[in-house]
Amino acid sequence: MALASCGADEPKIAGAAPTMRRLTEEQFRNSIADAFGADIKLGVKLEPLLRTGGLVALGAQHASVTPFGVEKLHQLAKSVASQVVDPQHRRTLVACGPTDPSAFDEACASQFFVRVGRSLYRRPLTEAELKARIESAAAATATLGDFYRGLGSSLTAMLMGPKFLYLIETTEPDPERPGSVRLDAYAKASRLSFFMWNAAPDNALLDAAARGDLDASSGLARQVDRMLASVRLEDGLRGFFADAFGFDQFETLEKDAIIYPVFNLQVAEDAAEQLLLTLNDVLIVRGEDYRNIFTTRHSFISAALARVYRVEAPNPTGWAPYEFPAGDPRVGIQSQVAFTALHSHPGKSSPTLRGKAVRELLLCQKIPEPPADVDFSKFNDPQSPLKTARLRLAMHTEQAACAGCHKLTDPIGLGLEKFDGVGQLRITEQGEPIDPSGDLDGAKFADAADFAKALSTNPASTSCVVNRLFGYGVGRVPSRQDQPVLDYLQQVFASDGYRYRALLQRVATSKAFFAVTSEAAGVAAQLAPSEAKGAP
Amino acid sequence: MSILLKRAATRRSVLRGLLGGGAVSLALPFLDCFLDGNGEALAAGGAIPVRFGTWYWGMGHTPGHAVKDRADVGEIQFLEECKALIPLRQHINYFNGFSAPLDGRSNSPHRTGWVASRTGVVPPIGDEILAPTLDVLVADAISGGTRFRNLDVTSTGNPIDIYTARSNFSRGTAEVSPVGFYARLFGGDFVDPNRGEFKPDPRVMVEKSVLSGLVEESKSLAGKLGASDRARLDEYFTSIRQLENQLALQLEKPPANEMCKVPASPRDVDGERAPTGVEIEAVHETHRLMTELLVMAVACNQTKVFNMAYSDNFSKLRHAGETYTHHTLTHEEPTDVKLGYQPTAFWFNCKTMEGCADFINAFAKTREGAGSLLDNVLIFAASETSYARIHAVDNLPMMTFGKAGGRVKTGLHVPGRGDPITRVGFTCLRAMGLPLDSWGAKSLRVTKPISEILV
């Protein structure tokens with residue numbers, strides 16, 4: 001993929017210390033699926049990460065594991081390992097076996113761990129690591145009297161170990177900058193792969209790392225182009241946007257069954273899926289301008305969602321493309337059920353929560369916490385003649401302490417007020433017509449469609465995705481020293497026509513993406529490729 | 001304790017390391033005697049341990065309607081909101097009138113209160129954790145010899161609704177499903193102390209051995225990491241060690257324990273998904289089920305430390321068919337002029353105290369030694385606010401339940417007279433035998449426990 005020059009050179013930045021990041025839930029699951037196949041079931045979840053800098057993935061940089069977390073990890077690892085070596089899977093996943101199943105077969109165990117280890121550790125195992133796995137499997141086989149169970153026990157330890165659970169970035173001396181360090185080739189492969197695919201490096205990328213291709217700009221570019229062309233790019237897109245748009249909240253999303261009988265678990269799952277399908281369609285399949293996600297009428301719909309949207313399901317048993325007609329207020333992802341239902345109360349809509357979500361998730365602007373001493377009583381006066389949220393929220397302007405923040409949120413959220421607490425279209429609230437007009441940073445709008453235009457042309461919408469994506473890629477919250485690069489990326493994003501795929505390429509091939517300092521926060525040259533088992 | 005420390009660590013250094021050095025100081029020597037309760041023996045001959053727990057509820061109380069204020073230490077007079085606690089007041093200590101000086105930091109609504117009362121440090125922002133919560137300190141001191149270092153449970157369906165943390169990025173996650181909790185406590189890995197025959201499971205032996213090998217194999221990483229990453233790795237290894245201990249206990253026949261009666265498996269409230277989290281009746285039922293399991297886990301000596309949350313700090317409790325939650329009601333429901341309070345928010349507070357009574361009762365009705373399980377437990381209970389409507393953190397309502405093996409008097413209402421809220425937590429820590437001479441930071445630092453409740 002060739003990108004035009006925008007006339008600007010990438011500014012140099014120092015980077016930051018290499019990171020040690022716990023795998024996110026999705027990364028863990030994708031890694032297991034890549035190593036052993038998608039039919040391996042994972043019933044237990046890892047401990048949740050603390051959202052940091054707008055992304056769960058950045059909380060991974062600070063995550064430890066509590067005793068309960070290790071218990072869960074143990075259950076997960078045991079479950080995965082037992083499936084890998086069960087009679088159904090061992091033929092393909094172990095691919096060798098002893099003549100006597102009660103006896104240990106070192107050659108087979110070695111073959112298994114060399115292959116699996118490279119996938120799980122995202123680099124070849126060292127001699128010592130391989131020896132440890134084999135010895136562990138041999139001891140377990142002796143106790144249990146079963147080769148496959150012995151193999152599974154040793155695999156359990158691998159799956160629980162910090163070298164799998166954490167992305168521990170390793171460095172090596174940088175030949176181009178004597179006295180400095182750079183990420184080693186396998187660390188680069190992992191950074192690249194989790195950024196673009198939300199998964200561990202595949203064999204081709206690990207091979208490229210082993211050959212040293214990733215240390216040269218041409219070799220790196222070849223791999224980036226290959227990854228951009230892969231169907232797995234969708235996994236990367238899903239991983240990033242599900243995180244950036246706060247989809248972890250779907251885990252505990254509840255709606256009142258009496259007020260919203262149409263809403264159920266299937267609707268919640270389909271709503272999240274609809275938004276991700278839409279993003280993939282606009283950004284990858286159609287390759288449109290990023291800003292179109294806020295104005296598109298293209299989407300996809302399932303039977304469960306069709307009931308919420310009150311349209312006929314084109315496909316009663318699955319998904320089908322769907323285009324909301326001209327004049328319909330469903331314009332852009334912010335009008336979809338995933339956004340409007342997620343940012344509402346269980347039994348009612350919330351212009352404030354929606355406005356806050358637009359500011360924080362779509363524009364990367366922080367809304368301060370509400371002040372401690374606030375009297376809301378006028379808002380819910382049962383005798384109040386104020387029927388609509390617009391009229392009730394106007395109360396906040398009477399208190400200076402509230403007005404500051406509510407002016408930032410409510411005029412935005414009111415633009416989506418024609419969507420109720422689960423995203424169903426409505427015209428009135430308590431019999432009063434809903435006025436969906438509002439204001440976004442001075443851009444007045446008359447309704448949701450008009451709001452979509454205001455959102456798409458707001459400069460923060462594009463700088464937000466640039467900043468979030470860069471942080472997501474390098475695994476840390478961007479700092480002030482990164483600002484020149486963020487400005488540069490924003491500039492080239494514009495010159496590339498705000499194409500998401502082009503942005504991925506710009507980030508992945510930038511010097512800043514791999515820039516690290518030599519401060520002692522990372523692993524210093526602990527595993528030179530030449531020391532690794534199986535390295536050429 | 002870190003498995004990466006090569007040199008022998010003193011108790012002082014270990015505790016200081018665990019506590020981050022800022023919030024506590026220690027009075028040495030460390031006494032082990034607190035591990036043994038008041039010396040009362042079980043039928044099987046072992047000493048009854050003293051356990052520690054916390055109970056959390058959101059939205060505090062309705063001022064003037066929960067408890068009759070007192071000027072001096074004396075009997076508790078619960079009012080209408082706490083009516084459910086009246087029959088149990090002999091098991092309770094009630095504390096109010098304590099202050100939460102913020103030292104210039106802002107009051108983050110519904111966050112500052114719980115963090116300050118449980119860590120002794122006012123969060124700089126939101127619920128940022130700068131020191132471990134008090135249950136973590138106690139667990140570090142007393143959790144040896146039990147299968148679980150601690151058990152954390154919430155009734156809300158959301159695993160993050162639990163108020164325990166070692167540090168800002170090392171927060172507890174809670175059990176949310178009675179079925180899942182039962183499986184963890186009494187499923188296949190549980191060794192029934194009253195079963196006659198016992199044979200170590202070779203599978204468990206292998207699992208333990210494999211974990212030991214994993215730790216050895218991974219040790220070399222630590223020397224190559226920066227300080228903060230090394231600390232995280234250290235915590236990971238500590239957790240692995242805890243799991244190893246857990247497995248080790250499965251390989252030993254536990255002493256017979258006539259108080260330990262394996263309960264029946266609870267019905268699956270909502271299939272494979274966690275129970276519906278915020279509808280009040282579902283929460284109440286989940287809380288009851290979880291409490292029964294927790295009590296038996298404690299009675300069976302599976303843990304000595306536990307945390308239970310009835311509701312979250314932004315209490316999302318609500319009635320089916322209603323648009324407002326408990327939290328939004330506290331802000332937006334008009335005060336009834338005749339009653340003098342917000343009637344629906346008050347109803348939720350009453351219901352919450354009924355849950356509290358269920359919790360206390362479950363411990364009180366479980367026989368242990370010559371008394372009840374509650375006699376050998378100390379439970380710290382607090383909300384995040386005293387009056388939710390205005391997010392007040394001064395006058396935070398706090399309680400303790402149980403006699404801590406005879407170390408704590410009960411049935412007393414202790415007015416704080418403006419003393420820091422941390423005096424209550426500090427008293428709990430002292431009652432649990434932690435040799436601290438202070439707890440808390442800045443204006444929350446306290447050096448005197450509440451002697452009126454200590455025996």
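All of these numbers come straight from a predicted model, not from anything done at the bench. Chain identifiers are assigned alphabetically (A, B, ...) following the order of the sequence lines, protein sequences preceding nucleic acid strands; residue numbering begins at 1 within each chain.
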(message) Tell me every residue that passes ring-ring contact (aromatic ring centres under 6.0 Å, His included) with B/His319, counting only those two or more places apart in sequence or in another chain.
(response) B/Trp347, B/Phe348

(message) List the residues meeting side chain to side chain donor-acceptor pair (under 3.5 Å) with B/Thr344, not counting sequence neighbours, and say none if there are none.
(response) B/Glu333

(request) Tabulate, in ascending numerical order, the residues of residues 145-156 of chain A having at least one heavy atom closer than 4.5 Å to a heavy atom of chain B, or enter 'none'. (result) A/Arg149, A/Ser153

(message) Distance check, rounded to the nearest 0.5 Å: A/Leu73 atom CG versus B/Tyr236 atom OH?
(response) 6.5 Å

(request) Could you tell me which portion of A/Tyr260 (side chain, backbone, both or neither) has an atom closer than 4.5 angstrom to a non-hydrogen atom of chain B? (result) neither

(request) Mind listing the closest non-hydrogen atom pair of B/Asp229 and A/Gln61 along with its distance? (result) OD1-O, 4.4 Å

(request) Evaluate side chain to side chain contact (heavy atoms under 4.5 Å, CB included) for B/Glu322 paired with A/Lys348, printing each intermediate quantity in order. (result) CA-CA 9 Å; B/Glu322 297 293 331; A/Lys348 62 176 181 175; over 6 Å; no

(message) Please classify the contact between B/Glu235 and chain A as side chain, backbone, both or neither, with a heavy-atom cut-off of under 4.5 Å.
(response) both

(message) I want to check something: taking the side chain as every heavy atom from C-beta on, are A/Glu254 and B/Lys316 in contact at a cut-off of under 4.5 Å?
(response) no

(request) Using a cut-off of under 4.5 Å on heavy-atom pairs, state which of A/Ala132, A/Gly161, A/Ser136, A/Ala128 scores highest against chain B. (result) A/Gly161

(message) Is A/Ala60 close to chain B through its backbone or its side chain, or both, or neither, when contacts mean heavy atoms under 4.5 Å?
(response) backbone

(message) Quick check on A/Met158 against chain B: is it the side chain, the backbone, both or neither that has a heavy atom closer than 4.5 Å?
(response) neither

(message) A side-chain contact here means heavy atoms from C-beta on lying under 4.5 Å apart; do B/Leu221 and A/Pro162 qualify?
(response) yes

(request) Sort A/Lys45 into side chain, backbone, both or neither according to what part of it lies under 4.5 angstrom from a heavy atom of chain B. (result) neither

(message) Heavy-atom pairs under 4.5 Å with chain B: which of A/Met160, A/Glu47, A/Glu135, A/His345 has the most?
(response) A/Met160

(message) Do A/His62 and B/Asn168 have side chains that approach each other closer than 4.5 Å (heavy atoms only, starting at C-beta)?
(response) no

(request) Can you tell which part of B/Ser209 gets under 4.5 Å to a heavy atom of chain A, answering side chain, backbone, both or neither? (result) neither

(request) Look at A/Glu71 together with B/Arg184 and state whether they make a salt bridge at an N to O cut-off of under 4.0 Å. (result) yes

(message) Please rank A/Ala140, A/Ala63, A/Gly69, A/Pro48 by heavy-atom pairs under 4.5 Å with chain B and give me the top one.
(response) A/Ala63

(message) With rounding to the nearest 0.5 angstrom, report the OG1 to CD distance, B/Thr112 to A/Glu369.
(response) 7.5 Å

(message) Quick check on B/Arg171 against chain A: is it the side chain, the backbone, both or neither that has a heavy atom closer than 4.5 Å?
(response) both

(message) Need one label for B/Ala174: side chain, backbone, both or neither, based on atoms under 4.5 Å from any heavy atom in chain A.
(response) backbone

(message) Please output the residues of residues 146-153 of chain B in contact with chain A, using a heavy-atom cutoff of under 4.5 Å, in numerical order.
(response) B/Phe148, B/Arg149

(request) Can you tell which part of A/Leu165 gets under 4.5 Å to a heavy atom of chain B, answering side chain, backbone, both or neither? (result) side chain

(request) Heavy-atom distances under 4.5 Å only: say whether B/Leu211 touches chain A with side chain, backbone, both or neither. (result) side chain

(request) Check whether any side-chain N or O of B/Arg232 sits under 3.5 Å from a backbone N or O of A/Val65 as a donor-acceptor pair, and report yes or no. (result) no

(request) Name the region of B/Glu217, side chain, backbone, both or neither, that has any atom closer than 4.5 Å to a heavy atom of chain A. (result) both

